[in-house]
Every structure is written in C-alpha cells, then in structure tokens.
Amino acid sequence: MATLTGIKDYQYGLEKIFPEADDFLPLLGTDYVELYVGNAKQAAHFYKTAFGFQSLAYAGLETGVRDRVSYVLQQGKIKLVLTTPLQSDTLISDHIKKHGDGVKVIALWVDDARAAFEETTSRGASPYLEPIVEKDHDGEVVKSGIHTYGDTVHMFVERKNYSGVFLPGFEAWKSEYNPSSVGLEYIDHMVGNVDWNQMNVWAKFYNEVMGFANLISFDDKDISTEYSALMSKVMTNGNGRIKFPINEPAKGKMKSQIEEYIDFYEGAGCQHIAVATKNILHTVGEMRKRGVEFLHVPGSYYDTVMDRVGQIDEDVKALKELGIMVDRDDEGYLLQIFTRPVEDRPTMFFEIIQRKGAMSFGKGNFKALFESIEDEQRRRGTL
Ligand code: FE2
C-alpha cells in the first residue's frame, strides 16, 4: 500500500507522488466524462438546474452531426458530455437499451494521444479508437481510445494545438437559462463496479496497462454490514490526479449493492463520480434546494461522530441538517455525501466531497453509508 504522507497538494502539481506508479502514460487530468442518455436535452436541463453546471458546447443536426446530439456542460474543471442517438440502429442506442443512462467515456487529458494509445495497447489494452486527428478553424485535437471494464472506454485527448470551446465539431452553446454554479470544482475519483472475482483483474489492468499504483485496498471486513459486503482497490496514476477505485461484490447474508448495480446496469460500469467542492455546506445546501436527492444518514450517526473525528471547523448541527458525513485519517479530515442514483435504474450516483487534508475515502463512514444503501435496497426489493 502506498503511503499517504506529504501529498496534500496533489491536485495542483504534476510531480510524481506515487513512486510505485510507472511513467509511460503521463496523464494531465480528467478531460471529460461522457454519458449516453435517453434524452440529452432533458438531462442537460437537470444537470444545469440541480447540479449547477453551465452550458458550454453543443453538437447535433444544426452543427452538421446527423446521428447524435451532444450537450457539453462545465463546472469548475469538470466537463460532462450528454449524448443521445438520433436513430435506433446505432452503437449508442444499443448501449442505452442495455445499460440505461450511464457513463460511456472517461476521457483523460494527455500531451500525446498517439503515444498513450501505443503504450497502452502494446501492454494489452484492447483498442477502441485508433489515433485520429480532428480539425476545425480553432486548431486540431488528437484522440485515441481503449476499452476498460464493461462497455466503458477511456479516450486520450491531446488538445495542445486546439483553442476551441470543446472539441472540433462542437459549437459554443449560448443559453438564456443559466442557473448559478453550486461550487463543484474537479473530479476527485471515479469508481468502477465489476463482477464477482473481477476486482483483481481490473486492478492489474490499471497497474500493467496504464502504470497505476494501488493506493489502498479494502476487504470485505472493512466494507460490510450485518447483511452485505463489497471489496475495493483504489488505483491511482503517478501524479495522483486520476483515481479509480474498483469494487466487486462480496458474500453476505443478503445481496451486495455491487450485485444490484451489476444486475441493473447489466454488466460492469461506472458506479459513482466523486466531485470536489471547497464549501460542502454551501454546495449541498444549494443542491438540496434544487431538488437533488441524497442518501439518508440516520440522526444517530451525529451522536458519536465528533468522538470519532475530533475537532472540525464545521458546526455539526449544520452537517446533520444537510446529512453530510465526516471522516478523519492521518492527514486531516474529509466531508462527504452521496446522492441517490440519478436515473431510474439503481445504478450511477454522485458523491460530493470536501477534503481538508484527508487523502482517504471515508472508511469510517462505510458502515453508516452501506446501512443507508441497504434501506434503499430493501425498499426496492433488491437486498
Ligand atoms: Fe467515492
């Protein structure tokens, strides 16, 4: 396990902080996340209104694209692309039919998309997109892509010779409806759910094919309640900007939440996107006002939380009102909260996280969190 010491400023520097990670795939950060959805126009409205995303770019019939529409939204450094097909006989339609709304592309920002493709495919990655150059009057972008778990893919995006609003083929999206930001800043981590006995397979993939190190592991004793369990390995790239925890179900008395996800997503896929804020009280207060549904944290959680985490800057009453959880590690503490699934299938959800030194993932909250998820599973008849 990698040490967590001395990496507090990880998101601001490019220096290598995980010596176990290899250098053959330098990643500058997350470029964008693309969801395939049933109705991108309505999803875009939801992410603007409820999550405070801003209109950034658009591609569709009006811009010369015939088979799909894509709305690009931005908040802080986070770019979300929402894509809906315009015909039934397309790969995008197949994806939505099988999985419902979900993450298709986790795009990674690189300096050299050709090298990224070469380095990963030569180590065993299955190619999704051979390197291509896309151009418009704002310059050119080189893209390539590889497959990861399930039907999810990683695109490598090289944009150093591009000055346009998003990617070639997209136009700036000017809207008269611009709800304010809620203060989301960057993607902290994105979690993949994989099937039974597949966690080590995919941890090995991120290690061998992408050069990632194993930051931390959780076994079924760390993540279990009376009824259900899961296991998780957190993989990180060398500069710590990209962190991918990989979960698999573990045996319990009842059905693991990971199994529920796999059943309803019909395969492996992205379980949650954790987005960081500098002021979680403001962010979550706004999101609640705007109709975002969060997991319920039992009131009794707050009776003992201060004994566990010690002194914090926030008023525990305010945290309790909003249902925000706290955890502490050797480096500091973190505040976090989880939304309910954001689509009808009980699949993908968001985490809102504020790090105050802590570099971990809220292990002290796992039990309360999973009991809360079990309550929801019980109501859905999927426990
Ligand atoms: Fe998370």
Checklist entry - Can Q354 and T277 be counted as having a side-chain donor-acceptor contact under 3.5 angstrom? => result no
Checklist outcome for this item: For V133, the other hydrophobic cluster members (4.5 Å side-chain criterion, sorted by chain and number) are V142
Checklist entry - If you measure only the distance, is there a donor-acceptor pair under 3.5 Å linking the side chains of Y261 and N247? => result no
Next on the checklist: Less than 3.5 Å apart, any donor N or O on the side chain of K174 or S55 sitting next to an acceptor on the other?
Outcome noted: no
Item to check | K255 to T382 - nearest heavy-atom pair and separation | outcome: CD-O, 3.3 Å
Checklist entry - Is it true that atom CD of E134 has more than 12 heavy atoms of other residues, nucleotides or ligands lying nearer than 6.0 Å? => result yes
Checklist outcome for this item: Residue pairs meeting side-chain hydrogen bond (donor to acceptor under 3.5 Å, both in side chains), one or both in residues 297-312, sequence neighbours left out, come to Y301-R308, Y301-N365, R308-D327, R308-N365
Checklist entry - Does the distance from a Lys or Arg side-chain N to an Asp or Glu carboxylate O, for E371 and K367, drop under 4.0 Å? => result yes
Item to check | Near-ring test F51/F46, centroid separation under 6.0 angstrom | outcome: yes
Next on the checklist: Could you check whether K41 makes a cation-pi contact with W173, meaning its NZ or CZ is under 6.0 Å from the centre of the six-membered ring and within 45° of the ring axis?
Outcome noted: no
Next on the checklist: When you compare the side chains of N237 and N239, does any donor N or O come within less than 3.5 Å of an acceptor on the partner?
Outcome noted: yes
Item to check | ring pair (Phe, Tyr, Trp, His ring centres under 6.0 Å) contacts touching residues 352-383 (sequence neighbours left out) | outcome: H189-F361, F218-F366, F366-F370
Item to check | Residue pairs fulfilling side-chain hydrogen bond (donor to acceptor under 3.5 Å, both in side chains) with at least one residue in residues 99-108, sequence neighbours excluded | outcome: H99-D151
Next on the checklist: I'd like to check the side chain to side chain contact (heavy atoms under 4.5 Å, CB included) partners of D344; sequence neighbours left out, ordered by chain and number.
Outcome noted: none
Next on the checklist: Between S180 and R290, is there a side-chain donor-acceptor contact under 3.5 Å, judged purely by atom types and distance?
Outcome noted: yes
Item to check | Test item: T84 side-chain N/O and V37 main-chain N/O as donor-acceptor pair under 3.5 Å | outcome: yes
Next on the checklist: Can you confirm if the aromatic rings of Y47 and Y71 lie within a centre distance of less than 6.0 Å?
Outcome noted: no
Checklist entry - Between the side chains of E343 and T347, does any donor sit under 3.5 Å from an acceptor? => result yes
Next on the checklist: Pair Y149, D195 - check side-chain hydrogen bond (donor to acceptor under 3.5 Å, both in side chains), show working.
Outcome noted: CA-CA 10 Å; Y149 49 77; D195 218 331; over 6 Å; no
Item to check | Sub-4.5 Å side-chain heavy-atom contact between I337 and R288 | outcome: yes
Checklist entry - Once you round to the nearest 0.5 Å, how far does CD1 of I258 lie from CG of L230? => result 4.5 Å
Checklist outcome for this item: Residues passing the side chain to side chain contact (heavy atoms under 4.5 Å, CB included) test with K97, sequence neighbours excluded, are none
Next on the checklist: Looking at T152 and T148, would you say the former's side chain and the latter's main chain have a donor-acceptor pair under 3.5 Å?
Outcome noted: no
Checklist outcome for this item: One should read off an interatomic distance between E293 CD and M287 CE, to the nearest 0.5 angstrom, of 11.5 Å
Next on the checklist: Tell me if the CZ atom of R340 is crowded by more than 12 foreign heavy atoms within 6.0 Å.
Outcome noted: yes
Item to check | Separation between CD1 of I353 and CG of L335, rounded to the nearest 0.5 Å | outcome: 8.5 Å
Next on the checklist: Can a donor-acceptor pair be found, under 3.5 Å and without considering hydrogens, that links the side chain of R345 to the backbone of F264?
Outcome noted: yes
Item to check | L91 atom CG, neighbour heavy-atom count above 12 within 6.0 Å | outcome: no
Item to check | Verdict with reasoning, L73 to K79, per side-chain contact (heavy atoms from CB on, under 4.5 Å) | outcome: CA-CA 6 Å; L73 305 170; K79 277 179 258 171; over 6 Å; no
Checklist entry - Is it true that E248 and K233 make a salt bridge, defined as a side-chain N closer than 4.0 Å to a carboxylate O? => result no
Checklist entry - Which distance, rounded to the nearest 0.5 Å, do you find between the CG of L82 and the CD of Q42? => result 12.0 Å
Next on the checklist: Donor-acceptor check, side chain of R241 to backbone of L28, threshold 3.5 angstrom: yes or no?
Outcome noted: yes
Next on the checklist: Please list all pairs meeting ring pair (Phe, Tyr, Trp, His ring centres under 6.0 Å) that have one or both residues in residues 307-339, counting only residues at least two apart or in different chains.
Outcome noted: H272-F338
Next on the checklist: Is it true that, when you exclude K363 itself, more than 12 heavy atoms of the residues, nucleotides or ligands shown sit nearer than 6.0 Å to its NZ?
Outcome noted: no
Checklist entry - Between the main-chain N or O of A229 and the side-chain N or O of S256, is there a donor-acceptor pair closer than 3.5 Å? => result yes
Next on the checklist: Main chain of S163, side chain of D138: is a donor-acceptor contact present, judged purely on distance under 3.5 Å?
Outcome noted: no
Next on the checklist: To the closest 0.5 Å, what do you measure between CD (E374) and CD (E260)?
Outcome noted: 11.0 Å
Next on the checklist: Test your reading of the model: is there a side-chain donor-acceptor pair from R355 to the backbone of A358, 3.5 Å cut-off?
Outcome noted: yes
Item to check | Residues which pass side-chain hydrogen bond (donor to acceptor under 3.5 Å, both in side chains) with T63, listed by chain and number, not counting sequence neighbours | outcome: none
Item to check | Sidechain N-carboxylate O distance under 4.0 Å for E314, K356 | outcome: yes
Next on the checklist: Tell me every residue that passes side chain to side chain contact (heavy atoms under 4.5 Å, CB included) with E119, counting only those two or more places apart in sequence or in another chain.
Outcome noted: F24, R123
Item to check | side-chain hydrogen bond (donor to acceptor under 3.5 Å, both in side chains) partners for E158, two or more places apart | outcome: K160
Item to check | N/O donor-acceptor pair under 3.5 Å between S372 side chain and A368 backbone | outcome: no
Item to check | E185 bridged to K77 by N-O distance under 4.0 Å | outcome: no
Checklist entry - Does A107 have any side chain to side chain contact (heavy atoms under 4.5 Å, CB included) partners at least two apart in sequence or in another chain, and if so, which? => result D31, Y32, V105, M155, V157
Next on the checklist: Quick check against the 3.5 Å criterion: does D329 have a side-chain atom that pairs as donor or acceptor with the backbone of G332?
Outcome noted: yes
Item to check | Test side-chain hydrogen bond (donor to acceptor under 3.5 Å, both in side chains) applied to S181 - qualifying residues, sequence neighbours left out | outcome: Q75
Checklist entry - Is the Y206-F244 ring centre distance short of 6.0 angstrom? => result yes
Checklist entry - Do Y128 and H154 make the cut of ring centroids closer than 6.0 angstrom? => result no
Next on the checklist: Keeping S144 on the side-chain end and A113 on the backbone end, is there a donor-acceptor pair under 3.5 Å?
Outcome noted: yes
Next on the checklist: Side chains of Q74 and Q54: any donor to acceptor distance under 3.5 Å?
Outcome noted: no
Checklist entry - Please walk me through it: do T120 and L25 pass side-chain contact (heavy atoms from CB on, under 4.5 Å)? => result CA-CA 8 Å; T120 51; L25 180 63; 3.8 Å; yes
